[in-house]
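Lettering follows sequence order; numbering is per chain, from 1. Note that these values count all heavy atoms, side chains included, but never hydrogens, waters or copies made by symmetry. This is a predicted model, so every value here is computed, not measured.
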2 protein chains.
Amino acid sequence: MLNADQTTELAELFRLLGEPNRLGIVTSCLDEPLSVGEITSRLSLSQSLVSHHLRLLRAARLLKAGRRGKQIFYSIPDCHVREMLTNMIEHLIEPHEQDDDINA
Amino acid sequence: MLNADQTTELAELFRLLGEPNRLGIVTSCLDEPLSVGEITSRLSLSQSLVSHHLRLLRAARLLKAGRRGKQIFYSIPDCHVREMLTNMIEHLIEPHEQDDDINA
DNA sequence: GATATATATGAACACGTGTTCATGCGAGTG
DNA sequence: CACTCGCATGAACACGTGTTCATATATATC
């Protein structure tokens, strides 16, 4: 299916989305590009923290950056990321009996 | 978009997929249900480790378990998980100039 | 029922990582 | 050109978490 390196690389993407604040940053950019300041105030996080996270998300191409005047706006780079998030949200809200058990 | 609790819950799902061994376990079950023993030998991991990971994945409904004879087989529970993985893989292999930079 | 096989669980350790505080940098503006 | 605003970076700490070793459970088979 996937070799070890690919798996590690893919896991790295998921790991980035696996931190609440970071995921919040990504999802907040789903509707419209947001400036760093906007993200900071909407999520009530320190500006430093947001910047640290944005750097990682940008590097992984989970967000893309673009300057508009003084500010830098972040947005979702492609449809795969968007659809992936959609699917995961659907999985989350999907009704489910907690058949955690072996018997299904 | 998503409230804080939903974001945390969703992040938890991604966090689980964000560990290479765990992601390997999930993706190895993409094609066909696999027994714990099969997973253990294919990924060359300790049986204990695999079981620990399976427990978490099962609880998060990223995998479902079913007994067949002596063994327990794990498989992907629904289409959302499968599609989500597909999208993420496509995002991974997507050609990209490393425009990590602000200028796009 | 006893033994073996397949999987699950618990405790403990080593390590990575999210966060903060302080500071640096660069583009726009007067 | 100096100044400021918006964002980025670096160091350091506190905490969570993946892994292993040892052991427990449960389902088949004899």
Worksheet entry | Whole angstrom value for the distance that separates P of D/dT17 from CZ of B/Arg55 | 15 Å
Worksheet item: Please give, in whole Å, the distance from D/dC7 C1' to A/Leu34 CG?
Response: 15 Å
Practice prompt. Determine the sole option in B/Leu30, B/Leu62, B/Thr86 for which the side-chain contact (heavy atoms from CB on, under 4.5 Å) test with B/Val81 is passed.
Written response: B/Leu62
Worksheet item: Counting just side-chain N and O atoms, does A/Arg15 come under 4.0 Å of either OP1 or OP2 of C/dG18?
Response: yes
Discussion item. Could you tell me if the side chain of A/Met88 sits less than 4.5 Å from the side chain of A/Phe14, heavy atoms only?
Written reply: no
Discussion item. Of the listed nucleotides (C/dT9, C/dA8, D/dT9), which one gets closest to any side-chain atom of A/Ser51?
Written reply: D/dT9
Worksheet item: Would you say D/dG6 has OP1 or OP2 under 4.0 Å from some side-chain N or O of A/Tyr74?
Response: no
Item to complete: Can you check each nucleotide of nucleotides 19-30 of chain D against protein heavy atoms at under 4.0 Å and return B for base, S for sugar-phosphate only, - for none, in 5' to 3' order?
Response: SBBB----SS--
Discussion item. Quick test of your reading: applying salt bridge (Lys or Arg N to Asp or Glu O under 4.0 Å), list the pairs with at least one residue in residues 37-51 of chain A, sequence neighbours left out, ordered by first then second residue.
Written reply: A/Glu32-A/Arg42, A/Glu38-A/Arg42
Response to the item:
From the list A/Thr40, A/Leu34, A/Val36, A/Leu63, side-chain contact (heavy atoms from CB on, under 4.5 Å) partner of A/Ile25 resolves to A/Leu63
Discussion item. What I'd like to find out is whether the side chain of B/Asn87 reaches to under 4.5 Å of the side chain of B/Glu90, using heavy atoms alone.
Written reply: yes
Practice prompt. Could you check how far CD of A/Gln71 sits from P of D/dG6, rounded to whole Å?
Written response: 7 Å
Discussion item. So if I take every side-chain heavy atom of B/Ile72 and compare against D/dC7, C/dT7, D/dG18, which nucleotide ends up nearest?
Written reply: C/dT7
Discussion item. I need the CG-C1' distance between A/Leu16 and C/dG16, as an integer number of Å.
Written reply: 14 Å
Worksheet item: Can you check whether B/Asn3's main-chain N or O pairs, donor with acceptor, with B/Gln6's side chain at less than 3.5 Å?
Response: yes
